[in-house]
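In what follows, a structure is listed as structure tokens, so that the remarks can point back to it.
Atoms within a ligand are numbered from 1 in the order they appear, just like the ligands themselves. Counting from 1, the numbers follow the sequence of the chain as shown.
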Amino acid sequence: MGWITVNIGLACLFSMLCCGKGIGVNWGTQASHPLPPETVVRMLRENGVQKVKLFDADYAILKALGKTGIEVMVGIPNDMLASVGGSMKAAEKWVSKNVSEHISSNNVNIRYVAVGNEPFLQTYNGSYLKITLPALNNIQSALIKAGIGSQVKVTVPLNADVYASSNSYPSGGDFRTDIFDPMLSIVKFLNDVNSPFTVNIYPFISLYTDPNFPVEYAFFDGNASPVNDGGTLYYNMFDANLDTLTHALQKNGFGNLPIIVGEIGWPTDGDRNANIEYARRFNQGLMTHISGGKGTPLRPGPIDAYLFSLIDEDEKSFDPGNFERHWGIFYYDGQIKYPLNLGTTNSGALVPAKDVHYLEKKWCVMKPSARLDDPQVQQSVSYACGLADCTSLGYGTSCGNLDARGNISYAFNSYFQKNNQLDVACKFPNVSEITKTDPTPAVGNCKFPIMIQPYYESAGFRLRCCQKPLSLVSVLVLILVTIL
Ligand SMILES: *[C@@H]1O[C@H](CO)[C@@H](O)[C@H](O)[C@H]1NC(C)=O
Ligand SMILES: *[C@@H]1O[C@H](CO)[C@@H](O)[C@H](O)[C@H]1NC(C)=O
Ligand SMILES: *[C@@H]1O[C@H](CO)[C@@H](O)[C@H](O)[C@H]1NC(C)=O
Ligand SMILES: *[C@@H]1O[C@H](CO)[C@@H](O)[C@H](O)[C@H]1NC(C)=O
């Protein structure tokens, strides 16, 4: 018995000292019907997740994370960079309200502040180029001034597009030429204050944007023919991408800067390559790769990474693609999509959210008597899809095999559920009706979801209510559609 105890003791000590602590998760909240924070925190704990990354500093979420020991990365959204970068006072206020208070009054284990989110993304057109470093600087000073500079580190999650390779091998890695100077200043700053470089890596996007991308190279099964970089072999894109960054850092004199993978994952819907099978394969391969502890050829050892993401978010912009609302390892309601062993629990099985409250079992569908060529139909579908979520329709998606009527019903139902099953949200003129018969097809993965009861807060009160009023604008537009 004795030696077992000692061994377990040593193992615990090791896991406490070492950086491991298992995989982290991103917890995003751009959802029409988010689960209550307490429900999500319970789910995190039951799944043995010990690190979570947020995109802002939501009071209720941080409160729910208090006294759990879960390591937290809080985030400053890009639209706040100018204010905290432009004023030391604003930075101090942000740190006081969104970090210090939570640590001192509620024992939230905040370890990082993510200053901005992918601020150098090309779509932002350089808007945050000049303000990111001042924001980092001010937040760092504010943390020190608040006396928590050694326990809370600053970082800035950057997309992997901030670097590129001149020879298409990792060894050619360097920072993008158009942002070379700002990148160098940021890297130097992170190095000076002992903070990690955070990078988001997306093999899925490579496959999505480049039809010639070798599919197997996106995964971890070792089935791709390796890329030979001067004798170093790369069997998957993830390793090659991380080492491209390490080469870029080395080339500029920062070869030892720690790296955090801020986002990594695979979506399950919205594109022919976004499906349950690929997502399971990618994420399980990643878990095995990370827990194997081998690291990458240039950086052997543990990899510190955060899965993207925990739960689907039905209000994310689908500008990047219809897959954008389907990154979760759990559906919007905290239910399991596919088996995944995170390596954080004894059973190795995911645990779904508990005590989830759904709306009634009813759906809005196309009236059987309505005609497909009724001009109301197309108009109503466009309206519903514009305000609700039709990203599971289309070629190669979970509901891509629905017939024309199924398609229309899907759109109507999505709008109806998003508006908490209000009668008025199923009044597409003459073409829709409410039904208690589940329209979900018997075969395949297509689901006609029922929403969960809305959860929202006002002035500190938690309301679990049954009907959130339609916004005035939606009502007006609906009336307009009815009249036209
Ligand atoms: C704290 O964070 C929240 C959420 O991101 C933000 O709305 C708020 O303005 C921040 N507080 C201060 C004082 O900056
Ligand atoms: C991006 O910047 C260029 C040059 O400053 C400007 O002409 C263009 O309108 C900007 N685009 C957006 C979307 O901000
Ligand atoms: C269903 O809708 C999708 C996306 O709106 C469209 O691509 C597809 O052709 C539609 N299918 C039918 C049978 O109308
Ligand atoms: C609805 O259908 C009825 C009968 O089929 C028809 O008289 C009426 O004009 C229709 N209303 C609209 C708004 O299309």
Side-chain angles (χ1 to χ4, degrees), residues 24-38 40-41 44 51-66 68 70-119 121 124 127-128 131-149 151-158 195 198 200 262-263 306 308-311 313 315-317 454-463:
V25 296
N26 281 274
W27 176 0
T29 53
Q30 296 182 55
S32 67
H33 290 66
L35 288 164
E38 295 76 16
V40 178
V41 169
L44 291 172
K51 294 188 301 195
V52 60
K53 178 168 167 286
L54 309 174
F55 293 90
D56 50 17
D58 183 87
Y59 183 86
I61 287 181
L62 285 167
K63 186 154 191 295
L65 285 164
T68 61
I70 296 173
E71 279 188 16
V72 182
M73 184 185 292
V74 288
I76 300 181
N78 289 336
D79 61 13
M80 286 193 79
L81 290 177
S83 112
V84 298
S87 146
M88 192 58 215
K89 265 255 150 5
E92 282 172 16
K93 267 197 174 151
W94 195 92
V95 164
S96 157
K97 187 94 191 102
N98 285 327
V99 182
S100 308
E101 251 184 49
H102 289 286
I103 294 177
S104 59
S105 70
N106 196 29
N107 204 4
V108 184
N109 189 11
I110 299 176
R111 302 303 287 273
Y112 295 101
V113 177
V115 180
N117 186 42
E118 302 190 340
L121 219 53
Y124 297 137
S127 313
Y128 307 113
I131 201 66
T132 303
L133 184 58
L136 271 170
N137 220 326
N138 284 356
I139 293 293
Q140 168 71 11
S141 305
L143 289 168
I144 290 171
K145 205 168 159 197
I148 48 177
Q151 88 191 73
V152 184
K153 298 275 168 206
V154 291
T155 185
V156 48
L158 292 162
S195 278
T198 302
N200 300 340
E263 293 182 14
Y306 293 79
F308 192 88
S309 72
L310 184 62
I311 312 173
E313 298 169 77
E315 290 200 328
K316 287 199 81 178
S317 158
Y455 158 87
Y456 50 103
E457 278 182 292
S458 61
F461 288 103
R462 298 279 157 71
L463 302 175

> So, is Lys93 polar-close to ligand 1, with some N/O to N/O distance under 3.5 Å?
Replying inline: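 For ligand 1, there is no N or O atom that lies under 3.5 Å from one belonging to Lys93.
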Is it the case that the side chain of [X] and the backbone of [Y] share a donor-acceptor pair, with hydrogens and angles ignored and the cut-off at 3.5 Å?
X      : Y      : result
Asn107 : Gly66  : no
Ser96  : Glu92  : no
Thr198 : Gly262 : no
Ser87  : Ser83  : no
Asn138 : Gly85  : yes
Glu313 : Thr29  : yes

> What's the shortest distance from atom 14 (O) of ligand 1 to any protein heavy atom, and which residue and atom give it?
Replying inline: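 Answer, as residue, atom name and distance: Trp94 CD1, 3.2 Å.
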>> Tell me the protein heavy atom at minimum distance from atom 4 (C) of ligand 1, and give that distance in Å.
In response: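 Of every protein heavy atom, Ala57 N, 3.7 Å lies nearest to atom 4 (C) of ligand 1.
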>> Please compare Asn98, Val99, Leu54 and report which has the shortest non-hydrogen distance to atom 1 (C) of ligand 1.
In response: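 Selected option, by shortest heavy-atom distance: Asn98.
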> For ligand 1, which atoms sit closer than 4.0 Å to a heavy atom of Asp56?
Replying inline: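 Reading through ligand 1 atom by atom, the close ones are 5 (O).
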> Which ligand 1 atoms, with their elements, are less than 4.0 angstrom from a heavy-atom of Met80?
Replying inline: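 In order of numbering, the contacting atoms are 9 (O), 14 (O).
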> Would atom 7 (O) of ligand 1 count as contacted, meaning some protein heavy atom under 4.0 Å?
Replying inline: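 Given the 4.0 Å cut-off, atom 7 (O) of ligand 1 does not count as touching protein heavy atoms.
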